[in-house]
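Residue numbers run from 1 in the order of the sequence given. Values below: all heavy atoms of this structure, side chains included; hydrogens, waters and symmetry mates excluded.
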Amino acid sequence: MATTQSDLQFGGLIKCLIAKDIISESDAAQHSATAQKKKTPIISHLVSSKIVDSKTIASIASVEFGVPFFDINAMEPGTFPTNLVSEKLIRQHHALPLFKRGNRLFIGLSDPTNFQALDEIKFHTRLNTEAILVEEDKLVTLIETALEAADTSMTDLLDEDLDNLEISGGDEAPPQDDNDSDIDDAPIVRFVNKILLDSIKKGVSDIHLEPYEKTFRIRFRGDGILYEAASPPANIAHRIVSRIKVMSKMDIAERRVPQDGRIKMQLSKNRAIDFRVSTCPTLFGEKIVMRILDPTSAQIGIEKLGFEPDQQKLFLDAIHRPYGMVLVTGPTGSGKTVSLYTGLNILNKIERNISTAEDPVEITVEGINQVNMNVKAGLTFAVALKAFLRQDPDIIMVGEIRDIETASIAVKAAQTGHLVLSTLHTNDAPQTINRLMQMGIEPFNIVSAVNLIMAQRLGRRLCEHCKKPADYPEKTYLDAGFKKEEISSLKVFTPVGCDHCKEGYKGRVGIYQVMPISEKMRALILSGGNAMEMSELSKSEGINDLRASGLDKVRQGITSLEEVNRITEE
């Protein structure tokens with residue numbers, strides 16, 4: 001039997017369309033050449049150019065090749081298992097994973113004879129692949145929608161891509177030491193990029209790189225606890241540190257004084273992660289700590305922070321008042337910034353002018369005027385606050401009240417029709433009043449300006465997959481603060497540890513003391529009451545301290561008694 005031209009030039013679905021007189025052989029050859037120039041599949045070209053209707057192609061392909069035809073409109077983009085396949089592979093083969101059943105992965109294709117796509121996806125996922133027929137025009141739209149919904153960019157960063165990440169640093173590039181040309185060596189670049197990616201994938205908050213005499217340790221802080229992530233050879237510690245300093249636009253020739261910098265990693269067109277970088281000279285080299293700043297952390301919603309219903313109402317009432325001061329207090333890493341930005345996101349409306357002064361700006365938000373402090377240039381909190389008051393503000397957020405000048409301006413702003421949000425470093429809410437007095441703020445200014453003080457901590461959540469009921473002696477419950485009459489009905493849980501968590505915990509929850517400044521509290525402050533008297537008064541008014549709020553989380557099975565003991569003072 002003679003071989004036809006179509007047998008030589010075309011195969012699969014195109015050959016079938018020619019045989020059905022849907023397209024001529026000469027037109028097929030012409031469009032095939034055009035598609036190759038555009039580096040696009042010929043089926044995509046035929047449909048986008050309106051040469052052939054996508055439904056016609058799908059109907060013919062389904063009958064001729066016995067592949068099931070699927071109405072892709074029936075599925076939600078967010079449900080596709082796109083995390084199993086890289087974005088690069090999806091786009092390259094124009095193939096979208098639709099669903100997974102056991103060890104079988106069903107792939108949406110407009111050309112069921114695209115066996116190369118099925119084979120490559122099978123190789124990368126180690127799953128058996130099966131084709132599902134989808135209309136070409138719908139597939140094009142859905143690939144874009146699904147990739148955007150899933151933000152698959154993290155799965156694209158495979159080992160071969162580690163040296164091609166889009167990373168940028170600060171505004172200026174300081175001079176480099178000629179002796180440090182090896183910091184751009186591919187292995188060092190790939191190793192540092194992998195550490196940054198691993199930290200993001202694991203959801204950690206900080207990365208510590210610590211040089212010692214004979215070892216070099218890299219630790220991650222996850223859910224508030226440090227653990228070792230890697231231990232590279234000590235002889236490459238300097239090269240790794242230098243690489244990070246170059247990425248964050250620091251002076252790599254300067255190793256005697258601390259430096260600060262910033263790294264921006266672009267994960268996709270929709271998501272970027274910032275790393276705040278700090279160096280500190282130690283006995284055996286420079287220690288680096290990188291704080292991971294994820295803008296999405298301020299968008300989790302107030303319901304997920306961990307407030308009890310009455311605490312949430314007090315906080316919302318305070319931030320919706322037209323003027324006054326709301327103070328959030330707690331140690332570094334206790335979630336103060338996230339709490340403040342959750343409030344700011346609620347207040348961020350077109351009719352409000354919101355300005356923030358921060359050192360540095362950790363979370364960028366559209367619609368809020370954010371100012372980064374620059375002490376060297378003379379831009380301090382006090383200077384920024386004075387400028388804000390000349391800019392017709394409605395709401396002002398001060399990253400931290402550190403001195404009498406900043407505190408005085410903030411108090412005056414709160415007294416003159418502005419809502420002021422800020423933070424202090426104190427142990428609990430009553431001590432914040434004493435701290436302001438020690439700074440030099442008069443009691444009558446405090447009572448006229450401050451509406452609410454909120455102290456907070458972050459406790460680790462028990463893993464829902466492995467937590468188990470705890471069985472403690474009665475004395476343990478009583479010493480912890482539980483009442484004798486509730487012990488018999490208490491259901492307390494303790495951590496175990498499984499594949500879904502780390503040491504029995506996964507994620508964190510806020511534990512709060514939300515103390516409004518009541519009339520009785522104002523009278524006590526004006527009469528010179530101390531922190532202990534204020535604490536007793538707030539308890540008598542039904543305000544839970546941090547310990548009592550922590551015990552509520554234990555009663556609800558959210559965290560363990562051990563964790564509450566760890567993060568509260570008692």
Report the distance from atom CD1 of I543 to atom OG of S538, rounding to the nearest 0.5 Å. 6.5 Å

What orientation do F220 and Y227 show, parallel under 30°, tilted 30 to 60°, or perpendicular over 60°? perpendicular

So, Q513 side chain and A429 main chain: donor-acceptor pair closer than 3.5 Å or not? yes

Salt bridge check: are E308 and K313 linked by an N-O gap of less than 4.0 Å? no

Drop me the distance from D260's CG to T279's OG1, to the nearest 0.5 angstrom. 7.0 Å

Before you tell me yes or no, could you show the steps for V338 and L305 under side-chain contact (heavy atoms from CB on, under 4.5 Å), namely the whole-Å CA-CA distance, both residues' side-chain angles and the distance that decides it to 0.1 Å? CA-CA 9 Å; V338 171; L305 290 181; 4.0 Å; yes

Measure across L293 and V361 and return the closest heavy-atom pair with its distance rounded to 0.1 Å. CD1-O, 4.4 Å

Closest approach of C498 to C463 (non-hydrogen atoms, all atoms of both residues): SG-SG, 3.8 Å

Between the side chains of N530 and N434, does any donor sit under 3.5 Å from an acceptor? no

Does the distance from a Lys or Arg side-chain N to an Asp or Glu carboxylate O, for R291 and D206, drop under 4.0 Å? yes

Give me the one residue out of R255, E286, M250 that meets side chain to side chain contact (heavy atoms under 4.5 Å, CB included) with V241. E286

Are E474 and K484 close enough for a salt bridge, meaning some N to O gap below 4.0 Å? yes

If you measure from the Lys or Arg side-chain nitrogens to the Asp or Glu carboxylate oxygens, is any gap between E405 and K386 under 4.0 Å? yes

Minimum heavy-atom separation for P232 and F191, please, with both atom names. CG-CZ, 3.8 Å

One thing to verify: whether D394 and R352 come together as a salt bridge, which I'm taking to mean a side-chain N less than 4.0 angstrom from a carboxylate O. no

Regarding D198 and K194, does a basic nitrogen lie under 4.0 Å from an acidic carboxylate oxygen? yes

For the pair T356 and L344, evaluate side-chain contact (heavy atoms from CB on, under 4.5 Å) and give the outcome as yes or no after the intermediate values. CA-CA 10 Å; T356 74; L344 286 178; 4.0 Å; yes

Any side-chain to backbone donor/acceptor pair from Q259 onto E254? Under 3.5 Å, distance only. yes

Salt-bridge present (K483, E486; N to O < 4.0 Å): no

N-O pairing of R219 and E228 below 4.0 Å: no

Nearest heavy-atom pair of A449 and V411: which atoms, and what distance? CB-CG1, 3.8 Å

From L436 CG over to I446 CD1, what is the distance, rounded to the nearest 0.5 angstrom? 5.0 Å

Check I441 against A407 and note the closest heavy-atom contact, atom names and distance. CD1-CB, 3.8 Å

Can you tell me how far CD1 of I396 sits from CG of N369, rounded to the nearest 0.5 angstrom? 11.0 Å

Return yes if a side-chain donor-acceptor contact under 3.5 Å exists between Q415 and N445, otherwise no. yes

Got R262 and F275 here, is their nearest side-chain heavy-atom distance under 4.5 Å? no

On the 0 to 90° scale, with breaks at 30° and 60°, tag the Y472-Y477 ring pair as parallel, tilted or perpendicular. perpendicular

How many angstroms lie between atom CD of E358 and atom OG1 of T364, to the nearest 0.5 angstrom? 10.0 Å

Has the side chain of R522 got a donor or acceptor atom that lies under 3.5 Å from a matching backbone atom of V447? yes

For a side-chain contact (heavy atoms from CB on, under 4.5 Å) check, start with the C-alpha distance between L462 and S560, then their side-chain angles and the critical distance, and finish with the verdict. CA-CA 7 Å; L462 284 166; S560 67; 4.1 Å; yes

Test log, rule side chain to side chain donor-acceptor pair (under 3.5 Å), inputs N565 and R547: CA-CA 8 Å; N565 287 336; R547 179 74 180 182; 2.8 Å; yes

L209 side, atom CG; I218 side, atom CD1 - distance, nearest 0.5 Å: 4.5 Å

Starting from the C-alpha separation in whole Å, work towards a yes-or-no answer on side-chain contact (heavy atoms from CB on, under 4.5 Å) for M534 and L524. CA-CA 7 Å; M534 293 178 204; L524 181 58; 3.9 Å; yes

Minimum heavy-atom separation for M454 to Y512, with atom names? SD-CD2, 3.8 Å

Which side-chain N or O atoms in residues 321-333 pair as donor and acceptor under 3.5 Å with protein atoms at least two apart or in another chain?
| residue | atom | partner | partner atom | Å |
| --- | --- | --- | --- | --- |
| T329 | OG1 | L424 | O | 3.1 |
| T329 | OG1 | T426 | N | 3.0 |
| T329 | OG1 | T426 | O | 3.0 |
| T329 | OG1 | T426 | OG1 | 2.4 |

Would you say CD of E351 has more than 12 non-hydrogen atoms from neighbouring residues, nucleotides or ligands within 6.0 angstrom? yes

Distance-only donor-acceptor check, side chains Q456 and S339, under 3.5 Å: yes

Taking NZ in K468 as the centre, count heavy atoms belonging to other residues, nucleotides or ligands within less than 6.0 Å. Is the count above 12? no

Report yes or no: do S518 and E541 form a side-chain donor-acceptor pair below 3.5 Å? yes

For D552 and N544, test the side chains for any donor-to-acceptor distance below 3.5 angstrom and give the result as yes or no. yes

Salt bridge check: are D545 and K539 linked by an N-O gap of less than 4.0 Å? yes

I'd like to know if the side chain of S549 pairs up with that of Q311 as donor and acceptor (distance under 3.5 Å, no hydrogens or angles considered). yes

Under the salt bridge (charged side-chain N to carboxylate O under 4.0 Å, His left out) test, which residues partner K475, sequence neighbours left out? D479

Any ion pair linking D223 and K506 (charged N to carboxylate O, less than 4.0 Å)? no

So the ring-ring contact (aromatic ring centres under 6.0 Å, His included) pairs with at least one residue in residues 385-436 (sequence neighbours excluded) are none

